[in-house]
Enquirer: 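After the structure tokens below, expect a handful of questions from me.
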Amino acid sequence: MTRVVVDPITRIEGHLRIEATIEGGKITDAYSSGTMVRGFEKILKGRDPRDAWAFTERACGVCTTVHALASVRAVEDAIGVSVPRNAELVRNIMFCTQYVHDHVVHFYHLHALDWVDVVSALSADPVETSNIAKSISNWPKSSPKYFADIQTRLKTFVESGQLGIFANGYWGHPAYKLPKEVNLLGVAHYLEALEWQKEIVKIHTIFGGKNPHPNYLVGGIPCSFNLEDVNAINTEKLNLVAKLIKDAQTFVEQVYIPDLMAIAGFYKDWAAIGGGLKNYLVYGDLPTKGYGFPDSYKFPRGAILNRDLSKVYDVNGKDENEIKEYISHSWYKYSVGDKTGLHPWKGETEFNFTGPQPPFEQLQVENKYSWLKTPRWKDNPMEVGPLARLLVGYAKGSEEIKEVVDGALKTLDVPVEALFSTLGRTAARGLETRLTARWLKEFYDELILNLKGGDFSTFTREKWEPETWPTECQGVGLSEAPRGALAHWIRIKDRKIENYQLVVPSTWNASPRDAAGKRSAYEESLLETPVANDEQPLEIIRTIHSFDPCLACAVHVYDPEGKHLHQVTVN
Amino acid sequence: MHRVTDKSPYLSIGNKNFEDIPGVLRRHTAQLQDQVLNGRTSDRRRDPRLHSEGLLEKGGNMNNEVPSIWQSMKAKGYSRREFLFFCGVAVAAAGLKSSGLAQVVDAFEKKPRPPVVWLHFQECTCCSESFIRSSHPIVSDIIFDTLSLDYTETLQAASGFQAEKARDDAMKNNMGKYILLVEGSVPTGENGVYCMIGGKTSEQILKEAAEGAAAIVAWGSCASNGCIQAARPNPTNATPIHKLIDKPVIKVPGCPPIAEVMTAIVTHVLLFEQIPELDSQGRPKEFYSRRVHDTCYRRPFYDAGLFVESWDDDAARQGYCLYKMGCKGPNTYNACSVTKWNSNLSYPIQAGHGCIGCSEAGFWDAGPFYQHLGSFPGFGIESTADTIGTTAAAVAAGGVAVHAAASVIRKRKLVLEQRAEAAASEALYEEREAAAAGKKAEEEEGGEEQ
């Protein structure tokens, strides 16, 4: 038996450590640990609730905006205000922009090097790469000369002896299966995607002033529309949004999806690896008739247990029997004892680091071993993220979701069970990128229609002043970050934040075991994974990357005096 | 690294095969960097060691060297003429005399890609995300042609000990010569267990990396001033890096900093072979010498006393000044209103939201974002702006002449008072720092007693 430690896991956001035991070439057990903590909830206490979006947005700079959205929704829910349709449309546009950007960057820059062998691309035949490129897409950059130039650039780079970000990679590992010509295609599109990704985010800059971390506003959006002034969002800026959307659709349809399908075709064995948990949780998002009407969401809300797609359970964030957090294996202590789970409203936190003093070699995994808490839905460990969203949407009969999922299964000629895997997770991310790119245009068109009809409103004024709020109120903001289900809980007293709590996607997926010893998604998904070379954790990071880890926001601290919240309204 | 080079036939030179080409290259990379960082540009082709090891044949074959900027450009299809033009632009931008052209051409021809180590501590990765948004230069040109980004958890292929080895090798082989970029603050509470990588504390990793660094850059507000995790009550004792190392630090604050500012600061060091001039807080004057307010395109509305009074009101739809909505532009030093964001497209104020002051130390604790500045040093805006603001409707009705008169009077005052204001801001900052230092000392004393 070998104990393998992978720390740092790179090409993720945040600090993640995986320890795994390997026997007979397969993983027999795994432990996931978040090794950084900042203390957001403690910092938020006593602040103006209208500022909370800016604080929580800094939970993560990769999935920027999603925490800001969950936060303004939590405050709006608490003080009882709904935003104008234009504001919701702009929020939806920013949401979809975030998905398209984040998923493309994840695929090419955080995940691709797990599948694409850069060194093999050096000996590829550019003519053959060109033939492959032309056979799978109309993307114009596909000439033999183009790929030859990329190859020359790569050769020059490698010959320099300074390998930069490619140094010590797992090149030549037997788990790399792509023909060298496809590897060259992957390298070319790694570079193209790197250049393209800075364009799509300009939609955030137009509506939110900057990216990363654009601005949000409780009660609406901060920007105004004016078709008679250059000092607000006018036709020129709207035209730029339209162009960026069109370019995004082209890039996704002509580069990302063809690449994803081509690469997936060579890794069908990974459709039987890395499935892990059998339960999936989705809060849902992208309201088409208002945030208060979850049935209208493009991504439906619900939970699936034991991979049974015939039944989707309702999910209620205010029911104290549904979501609970455990700390049996987390570096905290509860006043009620470490074996009991607490609903976030009753959440309490006290740091209790019991791990080895650094520098150390191994964690004491039989005890506490992570800064992440362990959330459970009705005491079930749940996977969240793109795969969960597509499964719940599929099971709930969303025509748009069924279309892209069935199309991909047909193209790859695999059964629906193939989705429950590392490959399925990676494919699901691409498929929902297709959807969000299409929806970008839908929401944009509706926005134009509203403006055409004379509706320019972007802000609801009535509850802006804290004097208009009740002395005490509380709310929940539910959303779907690119990495999965995201929720913020807020309690306001005397116009200040009394308690603020976040339960985020990577807490669900990356957490340590619960009190009953049940593994969370990362740990479960690594079981049975074949490992060809103990020294090179390629297979481990492949599966872990399929979740798109995002650790900074997964670790945070609950209010030590956190009290029971009596009346929370959840839509 | 070894996998690649051991197997790569194209690394053989001429008809000769060499057992340790990567090692040879590495050694000479270090030597070249020494020349560059010490301002020496001696001709590498004359180095006898190169010939003795057979790396270069007599007369020199540039293709066998570590690629210079010229070689990188050539490989990408630029002509010699275009390269020389590029050198000329660099000379002009540096403010050098044209007689300096030859040296610049020489330096660009010979410079290997400088090694860079990018560390990640308590951060949200928004700085890395911002960096890859750079439009000029684009990021692939930087990481593949300009720098050798030998360690960055966000992008590098290797994980675990292979990643750590890449970092350790880069440091060991380039001792005293690599550039250290740090994203994130360092928690010193509870012996550093609030941020650990590979079983080590972030403080230990930072100190080891700082030891041999030629230049150290603090990316963003986290590394520069602690940012959000250092906001009250700073639960993990998040600490900016300059307080933990005794070397000069180039601070590039902002949450995040602007992409093109980040890439410009790195290229400034490389192109001009010197650290950019810094202000008293350690920020490059090139980007942090002006307040957002001073260069804001909405400044004329401020001067004319025309303010947004409520979100999405008529004034907001005409882009009036956001001062009364809490804009912190008047005491925030940053390039947002000039360099702007995401390829010079816009910035927070242009998109209708006030500046939250994200590049200033302690900005999270500088009052609610939507409460306008109670007092800021200088020309008494707290009274004047409010007075003018309440009569804005009347002023607007009064027509152009009234605007112009108000504007001229204010502007005249402004020219005289800007300097005093800047000085006062600085004094305020120093006062705050001193108070914070005093408080910390007190706490430490208290801690010892317990």
Side-chain angles (χ1 to χ4, degrees), chain A residues 6-10 13 15 35-39 42-43 48 50-51 54 58 60-62 113 119 153 156-158 160-169 171-172 191 194-195 198 202 205 208-213 215 222-224 226 229 231-232 353 358-360 458-459 461 537 541 552, chain B residues 1 3-4 22 25-26 66-67 75 113 122 124-126 129-130 133 138-140 144 148-149 153 155-160 162-163 165-166 190 193-201 228-229 231 235-236 256 310-312 316-319 341-342 345-348 351-353 356 368-370:
Chain A
V6 191
D7 179 9
I9 298 274
T10 58
E13 196 292 321
H15 301 288
T35 58
M36 191 271 275
V37 64
R38 290 185 288 171
K42 282 187 176 185
I43 291 164
D48 187 329
R50 297 170 302 176
D51 290 357
R58 270 70 186 180
C60 184
V62 174
L113 300 182
V119 169
R153 187 179 184 190
T156 310
F157 179 80
V158 173
S160 75
Q162 293 181 290
L163 293 185
I165 60 170
F166 298 145
N168 294 355
W171 320 124
L191 294 170
L194 194 54
E195 188 161 357
K198 72 182 192 304
K202 288 177 179 172
T205 317
K210 69 200 259 271
N211 171 286
H213 296 335
N215 291 310
C223 60
S224 291
N226 191 341
D229 204 304
N231 262 354
F353 184 78
F360 59 81
T458 59
F459 176 68
R461 194 160 292 120
I541 59 175
Chain B
M1 189 163 188
R3 293 192 73 85
V4 180
L25 287 172
R26 245 195 325 273
V66 172
R113 289 180 290 122
Q122 278 182 309
C124 75
T125 317
C126 74
E129 283 281 348
S130 187
R133 308 284 193 270
I138 63 169
V139 73
S140 59
F144 294 110
S148 186
L149 191 48
E153 287 162 36
L155 291 173
Q156 74 188 109
S159 275
Q162 286 95 348
K165 185 174 186 305
E190 186 114 12
V193 301
Y194 299 127
C195 183
M196 304 176 288
I197 298 148
K200 289 182 185 176
T201 65
I228 187 159
Q229 50 276 1
T236 60
S310 173
W311 301 110
D312 200 35
R317 290 181 185 183
Q318 293 174 72
W341 284 81
N342 307 103
L345 175 60
S346 185
Y347 66 112
H353 195 284
I356 64 170
F369 295 133
Y370 302 107

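Residue numbering restarts at 1 for every chain, and letters A, B, ... go by the order of the sequence lines.
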Enquirer: Under 4.5 Å heavy-atom distance to chain B, tell me which part of A:D229 shows up: side chain, backbone, both or neither.
Expert: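 A:D229 touches chain B through side-chain heavy atoms alone.
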Enquirer: What option among B:A166, B:G352, B:P348 has the most heavy-atom pairs under 4.5 Å with chain A?
Expert: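 Option with the greatest count: B:P348.
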Enquirer: Going by heavy atoms in the side chains, are A:K198 and B:V139 under 4.5 Å from each other?
Expert: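 Answer no - side chains too far apart.
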Enquirer: With only heavy atoms counted, which part of A:R461 is less than 4.5 Å from chain B, the side chain, the backbone, both or neither?
Expert: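 Only the side chain of A:R461 comes within 4.5 Å of chain B.
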Enquirer: Check each atom of B:I138 against the heavy atoms of chain A and say whether the ones under 4.5 Å are side chain, backbone, both or neither.
Expert: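 Contact with chain A is through the side chain of B:I138 alone.
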Enquirer: Should A:M36 and B:Q122 count as side-chain neighbours, where that means a heavy-atom distance under 4.5 Å?
Expert: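 The answer is yes, as the side chains (C-beta and beyond) meet within the 4.5 Å cut-off.
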Enquirer: Flag the one option from A:L113, A:L194, A:I541 with the top tally of heavy-atom pairs under 4.5 Å to chain B.
Expert: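 If we count pairs closer than 4.5 Å to chain B, A:L194 comes out on top.
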Enquirer: Please look at A:D51 and chain B and tell me whether the side chain, the backbone, both or neither of the residue comes under 4.5 angstrom of a heavy atom of that chain.
Expert: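 For A:D51, backbone and side chain are both near chain B.
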Enquirer: Quick one: are B:N342 and B:R133 in side-chain contact, heavy atoms under 4.5 Å?
Expert: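 Answer yes - side chains close enough.
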Enquirer: Side-chain contact, heavy-atom cut-off 4.5 Å: B:Y194 with B:Q229?
Expert: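 Counting from C-beta outward, B:Y194 and B:Q229 never come under 4.5 Å.
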Enquirer: Any idea which of B:A157, B:A163, B:S310, B:C195 has the most non-hydrogen atom pairs under 4.5 angstrom with chain A?
Expert: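 If we count pairs closer than 4.5 Å to chain A, B:A157 comes out on top.
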Enquirer: With a 4.5 Å limit on heavy-atom distance, are the side chains of A:L163 and A:V158 in contact?
Expert: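 A side-chain contact under 4.5 Å exists here.
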Enquirer: What part of B:I356 is in contact with chain A, defined as an atom under 4.5 angstrom from a non-hydrogen atom: side chain, backbone, both or neither?
Expert: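 For B:I356, side-chain heavy atoms alone lie under 4.5 Å from chain A.
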Enquirer: Ring pair (Phe, Tyr, Trp, His ring centres under 6.0 Å) with B:H353: which residues, sequence neighbours excluded?
Expert: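 Partners of B:H353 by the ring pair (Phe, Tyr, Trp, His ring centres under 6.0 Å) criterion, ordered by chain and then number, come out as A:W53, B:W311, B:Y370.
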Enquirer: Could you give the distance from CH2 (B:W341) to OG (B:S130), rounded to the nearest 0.5 Å?
Expert: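 Result: 5.0 Å between the selected atoms.
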Enquirer: Quick one: of B:G199, B:S140, B:A316, B:G198, who has the most non-hydrogen atom pairs under 4.5 Å with chain A?
Expert: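 Most heavy-atom pairs within the cutoff with chain A belong to B:G199.
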Enquirer: B:A231: which residues meet the side chain to side chain contact (heavy atoms under 4.5 Å, CB included) condition with it, sequence neighbours left out?
Expert: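 A:I43, A:R47, B:W364, B:D365.
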Enquirer: What part of A:P537 lies closer than 4.5 angstrom to a heavy atom of chain B: side chain, backbone, both or neither?
Expert: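 When you check distances to chain B, only side chain atoms of A:P537 fall under 4.5 Å.
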Enquirer: With a 4.5 Å cut-off on heavy-atom pairs, point out which of B:Q318, B:K200, B:Q156 contacts chain A the most.
Expert: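 Of the options given, most contacts go to B:Q156.
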